[in-house]
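Data first, discussion second: the structure below is written as structure tokens.
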Amino acid sequence: MKIIIPVKRAKEIALHHTIKLSEKTLAKTKEAHNFLTDFADVILFIARLIRETFSRKFEVREFFHQCFNIGYKSLPLISVTGTIMGLVLTIQSRPVLANFGAETLLPGMVAISLIREMGPVITGLICAGKIASGMGAELGSMKVTEQIEAMEVSSTHPMRFLVVTRVWAATLMIPLLILYADALGIIGSWIGANIKGDVSFVLFFSQAFKNIDFLDFIPAVVKSFFFGAVIGIVGCYKGYNAGRGTESVGKAANSAVVLASLLVLIVDMIAVQVTDMLVK
Amino acid sequence: MKTEQTESVLLDSPKKSTKEPVIEINGLYKSFGNQEVLKNLSFKLFDGENLVVLGKSGSGKSVLIKCIVGLLRSDSGIINVFDQNVLTLKRKELDDVRQKIGFLFQSGALYDSMTVKENLEFPLKRMEKQLKQKEIDEKIIEALENVGLPEVLNKMPSELSGGMRKRISLARTIVVDPMIMLYDEPTTGLDPVTSDEISSLINDIQKKYKTSSIIITHDIECARMTADRLIMLQDGEVYEQGNLNKFEKSTDLIIRAFFK
Ligand SMILES: Nc1ncnc2c1ncn2[C@@H]1O[C@H](COP(=O)(O)OP(=O)(O)OP(=O)(O)O)[C@@H](O)[C@H]1O
Ligand SMILES: [Mg+2]
């Protein structure tokens, strides 16, 4: 059976679809365009950041203030997560190792996975949640309530005063937080080992570190610096470029967390690949 | 009130015109995307005068004064502040000009991570000229007394009422002894009594520090109290300018809407 459509109607349908299609293409091009301009913005932002870092006047006081804010004020959270990380890892791996009669490997295995991967990534993600969102919200609300402009008219370079200090503080403090989380993770692991059985801390510790060498540490520390930089840059970028309404503060904080977490994982993936290539 | 004074300004207007302009704006254009906010705007602010800028919401008043201090870049035109074109200045020179200008933001713009004292210290510590802590403390106390709030020194902005915040941001603006003051809606959202206080404060500042001021406002009482001269913005252009008398007596509908 043939379905007969009047020519006029067919034209209408065709036109309709063409319009729909061109609208879609337009939207897609716009999206691509937005993405590209965003990307260019980020690059410019980083370039400005680097230029301002080496400008004559580095805001030393504000930098230390931010180190305190980012480092010291995150200690409670990082202590808890670090300890839990080690504890859980130990409790979960013990039965598997016990099956192979390899329980003595437990401290070493936990230490390696903590230092190489779990410590940096989980702490990085937690910092993305706490620090990047905090920066996004803080700078975003400063932007919306004209505080950034107020700084500017008081002869203060907001990029230098607000962004450079925060990014560098994050870059230096987050690796320290990660090492701290590693240490607490090992203590947590010892606690976990002690739930069933009785291991002295010294013995546990020496067993843990027997299997670790310098090559486990260096890549982890190096990537921690990148995590710190990524978290600082994303948080500041999102906050500093927040829109004009109040709702953009929430948006800035939210997208800062999402993007920072994603980038932490991507940087981690790249770091693992690079380390793998170098070690071979 | 100010009416007698404006009358006298009118009488000796030849003398007035010999006064130097401190801000001179010529053919200013500013648009955001395809929205034209300022179109061919020109006016002058003379030394020592209070110039009130009227205009309905969204007419570009805030944009105008942000262009004057270089927070926004205008698309074309000339903005001379003390005979220097803001648009062509380098960062350092712009900072020097900005040190002579006090800017009261529409939202107050107090730094909410700092106490009132730190808020007032901030612009002082950022000045070219380094002050001693003792001088800074004295200036802060003086500024707070000027706005009638000496007791809130160690409070956070979030602990203050809206009116108090406005006054503290006014204190933060005057603490650096600016030569030009730009007030963005200094009395909006305040009760009539506080509004009057702020208006007289604006007059006091003008007398005491010999400042020249641009006062943006919707508040006709404030305009009546402070204005030496007024201009009205409409569609990004100067719609009318003159003294208070001219505005009060105008039969133009748009102006009448303000001076009911
Ligand atoms: N940074 C900006 N980006 C985009 N548009 C802006 C920006 N600043 C101002 N505008 C637009 O310019 C127009 C004028 O804004 P402006 O803040 O100067 O108004 P106003 O006269 O001060 O009004 P009000 O009395 O309500 O404060 C508005 O339509 C506003 O949306
Ligand atoms: Mg405004």
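A, B, ... follow the sequence lines: proteins, then strands. Residue 1 opens every chain. Basis for what follows: all heavy atoms, side chains included, without hydrogens, waters or symmetry-related copies.
- For the atom pair OG of B/Ser62 and CD of A/Glu146, the computed distance is 7.0 Å after rounding to the nearest 0.5 Å.
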query = Is there a side-chain contact (heavy atoms from CB on, under 4.5 Å) between A/Gln147 and B/Met114 once you walk through the steps?
reply = CA-CA 12 Å; A/Gln147 290 174 51; B/Met114 303 181 193; over 6 Å; no
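- The neighbour count for A/Tyr72 OH, taken as heavy atoms of other residues, nucleotides or ligands under 6.0 Å away, does not exceed 12.
- Minimum heavy-atom separation, B/Ser107 to A/Thr145: OG-O, 3.2 Å.
- Contacts between residues 136-159 of chain B and chain A, counted as heavy-atom pairs separated by less than 4.5 Å, involve no residue at all.
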request  = Kindly determine whether B/Arg126 and A/Met151 satisfy side-chain contact (heavy atoms from CB on, under 4.5 Å), including the steps that lead there.
outcome  = CA-CA 9 Å; B/Arg126 297 265 143 192; A/Met151 279 192 174; over 6 Å; no
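- Within a 6.0 Å sphere centred on NZ of A/Lys11, other residues, nucleotides and ligands contribute 12 heavy atoms or fewer.
- The candidate with the highest count of non-hydrogen atom pairs below 4.5 Å against chain A, out of B/Lys66, B/Arg91, B/Lys92, is B/Arg91.
- Without hydrogens or angle criteria, A/Glu149 side chain to B/Leu71 main chain gives no donor-acceptor distance under 3.5 Å.
- For B/Lys44, the NZ atom is loosely surrounded, since the number of other residues' heavy atoms within 6.0 Å does not exceed 12.
- Partners of A/Phe45 according to the ring pair (Phe, Tyr, Trp, His ring centres under 6.0 Å) rule, which considers only residues two or more places apart in sequence or in another chain, are A/Tyr237.
- Heavy atoms of other residues, nucleotides or ligands lying less than 6.0 angstrom from OH of B/Tyr209 number more than 12.
- In this structure, the portion of B/Leu110 lying under 4.5 Å from any heavy atom of chain A is its backbone and not its side chain.
- Residues meeting the side chain to side chain donor-acceptor pair (under 3.5 Å) test with B/Asn34, sequence neighbours left out: none.
- The number of heavy-atom neighbours closer than 6.0 Å to CZ of A/Phe226, taken from other residues, nucleotides and ligands shown, is 12 or below.
- For A/Lys143, no part lies under 4.5 angstrom from a heavy atom of chain B.
- Atom-to-atom distance recorded for B/Lys125:NZ and A/Thr156:OG1 is 12.5 Å, nearest 0.5 angstrom.
- Shown here are the side chain to side chain donor-acceptor pair (under 3.5 Å) partners of B/His218, two or more places apart in sequence or in another chain: B/Glu185.
- Distance check, rounded to the nearest 0.5 Å: CD1 of B/Ile101 to OG of A/Ser154 gives 12.0 Å.
- With a threshold of 4.5 angstrom between heavy atoms, B/Asp96 does not approach chain A through any atom at all.
- For B/Phe105, the parts sitting under 4.5 Å from any heavy atom of chain A are the backbone and the side chain alike.
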